[in-house]
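Each remark here refers to the structure printed beneath this line.
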Amino acid sequence: MSDKSWSRARNLSDLDIKEIVDILDGWEGKLSWDLLVESINKRLNQRYTRQALNNHSRIADAFKLRKRSLSAQPIRQRLPIAAAQIVDQEIDVILQHNHYLEAKVQRLEAENNRIQQRHVRWAYNAALRGLNMNFLDRPLPVIDRQQTEVTMESLSKKTR
């Protein structure tokens with residue numbers, strides 16, 4: 001056995017996936033799975049493998065889109081902020097935020113397209129089963145969350 005104690009990272013929750021996708025949306029400079037894993041470790045204090053991250057389609061798609069977007073940027077925009085002394089700090093912050101928002105919009109558009117495709121698939125499958133939109137759009141049943149009245153009689157029936 002090695003001296004290092006290794007423990008498995010917790011499963012990725014929806015909130016973790018959102019955080020990771022936000023990291024990717026704001027990513028500047030060189031992007032690789034190793035660099036992303038390090039950034040996630042610093043931000044979430046969890047170390048995930050490339051394979052674990054790639055298994056989540058939102059993360060994998062956001063990674064591919066950001067990688068493609070970064071490679072399409074001119075070299076000046078890929079330079080770290082410290083190396084780009086030409087632009088003053090205020091403009092640099094605005095540009096960085098703009099890149100973040102553009103990446104986020106691009107990712108959200110891709111997610112929206114996937115959701116729309118899933119909706120079309122569900123509508124088709126529902127139609128095959130004879131379900132119409134009126135049936136599918138019915139509201140969920142109301143859940144009665146009132147406390148059940150406990151009596152001595154009901155308790156004695158349960159213990160028998």
Side-chain angles (χ1 to χ4, degrees), residues 1-131 133 135-141 143:
M1 257 174 111
S2 67
D3 292 339
K4 289 184 180 180
S5 64
W6 182 82
S7 65
R8 183 181 172 279
R10 70 176 189 266
N11 289 342
L12 284 165
S13 68
D14 287 338
L15 186 60
D16 294 331
I17 292 171
K18 182 192 176 312
E19 282 281 326
I20 293 168
V21 167
D22 279 346
I23 290 171
L24 285 165
D25 286 345
W27 195 275
E28 292 295 326
K30 181 180 176 184
L31 174 61
S32 70
W33 283 109
D34 290 337
L35 292 172
L36 178 61
V37 166
E38 285 303 316
S39 180
I40 293 167
N41 189 27
K42 288 177 186 171
R43 189 148 163 192
L44 300 180
N45 203 23
Q46 293 289 325
R47 181 166 292 280
Y48 296 101
T49 63
R50 175 193 61 79
Q51 293 84 355
L53 296 172
N54 199 38
N55 278 339
H56 293 272
S57 63
R58 284 183 64 200
I59 295 172
D61 291 345
F63 182 89
K64 288 175 200 164
L65 282 170
R66 192 64 186 143
K67 186 97 171 166
R68 193 176 313 130
S69 172
L70 288 170
S71 65
Q73 288 180 356
I75 293 173
R76 163 65 186 91
Q77 290 179 337
R78 284 189 263 158
L79 290 174
I81 294 171
Q85 297 294 329
I86 301 166
V87 182
D88 70 350
Q89 286 184 324
E90 288 181 21
I91 293 175
D92 222 12
V93 169
I94 292 169
L95 286 173
Q96 192 175 19
H97 187 67
N98 188 40
H99 292 310
Y100 167 79
L101 292 175
E102 286 173 349
K104 191 170 190 171
V105 165
Q106 194 175 21
R107 176 185 55 82
L108 290 172
E109 285 174 345
E111 280 185 36
N112 189 34
N113 287 337
R114 272 198 321 275
I115 291 169
Q116 286 177 348
Q117 289 171 357
R118 177 183 280 174
H119 179 75
V120 168
R121 195 169 48 247
W122 287 354
Y124 174 78
N125 289 331
L128 285 178
R129 301 281 188 265
L131 304 175
M133 288 307 291
F135 178 81
L136 295 173
D137 280 337
R138 290 188 326 197
L140 294 173
I143 299 173

Within this structure, what is the [atom1]-[atom2] distance for the pair [X] and [Y], rounded to the nearest 0.5 Å?
X	Y	atom1	atom2	result
L31	S69	CG	OG	10.0 Å
E28	H99	CD	NE2	5.5 Å
I23	K42	CD1	NZ	11.0 Å
Y124	R129	OH	CZ	10.0 Å

Return the set of residues passing side-chain hydrogen bond (donor to acceptor under 3.5 Å, both in side chains) with E109 (not counting sequence neighbours), or none when no residue passes.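 For E109 there are no side-chain hydrogen bond (donor to acceptor under 3.5 Å, both in side chains) partners, ignoring immediate neighbours.
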
What residues, two or more places apart in sequence or in another chain, satisfy side-chain hydrogen bond (donor to acceptor under 3.5 Å, both in side chains) together with R138?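 If we apply the side-chain hydrogen bond (donor to acceptor under 3.5 Å, both in side chains) test to R138, skipping adjacent residues, there are no hits.
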
Here's a test for you: under salt bridge (charged side-chain N to carboxylate O under 4.0 Å, His left out), which of K67, R68, R66, R114 qualifies with D61?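 Considering K67, R68, R66, R114, a salt bridge (charged side-chain N to carboxylate O under 4.0 Å, His left out) with D61 is found only for R114.
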
Salt-bridge present (K18, D14; N to O < 4.0 Å): no

Any ion pair linking E111 and R107 (charged N to carboxylate O, less than 4.0 Å)?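 Salt bridge present between R107 and E111.
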
Does a side-chain heavy-atom distance below 4.5 Å link [X] with [Y]?
X	Y	answer
L12	I59	yes
I17	I20	no
L101	H97	yes
L70	K30	no

Passing candidate, side-chain contact (heavy atoms from CB on, under 4.5 Å) with F63, options V21, N54, L36: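 The passing option is L36.
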
Which atom pair, heavy atoms only, marks the closest approach of [X] to [Y]?
X	Y	value
D25	A103	O-CB, 3.2 Å
V37	R50	CG2-N, 4.3 Å
R10	L44	NH1-O, 4.3 Å

Other residues, nucleotides, ligands: >12 heavy atoms within 6.0 Å of W33 CH2: yes

I'd like to know if the side chain of D16 reaches the main chain of S13, judged simply by a donor and an acceptor atom lying under 3.5 Å from each other, with no hydrogens or angles considered.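 Between the backbone of S13 and the side chain of D16 there is a qualifying donor-acceptor contact (under 3.5 Å).
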
Examine distances only and state if a side-chain atom of N98 and a backbone atom of I94 form a donor-acceptor pair shorter than 3.5 Å. no

Carefully, step by step, assess Q117 and V120 under the rule side chain to side chain contact (heavy atoms under 4.5 Å, CB included). CA-CA 5 Å; Q117 289 171 357; V120 168; 5.8 Å; no

Apply side chain to side chain contact (heavy atoms under 4.5 Å, CB included) to V105 and L108, showing your working. CA-CA 5 Å; V105 165; L108 290 172; 5.8 Å; no

Considering residues at least two apart in sequence or located in another chain, which fulfil the ring pair (Phe, Tyr, Trp, His ring centres under 6.0 Å) criterion with Y48?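 With neighbours one apart ignored, the set is empty.
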
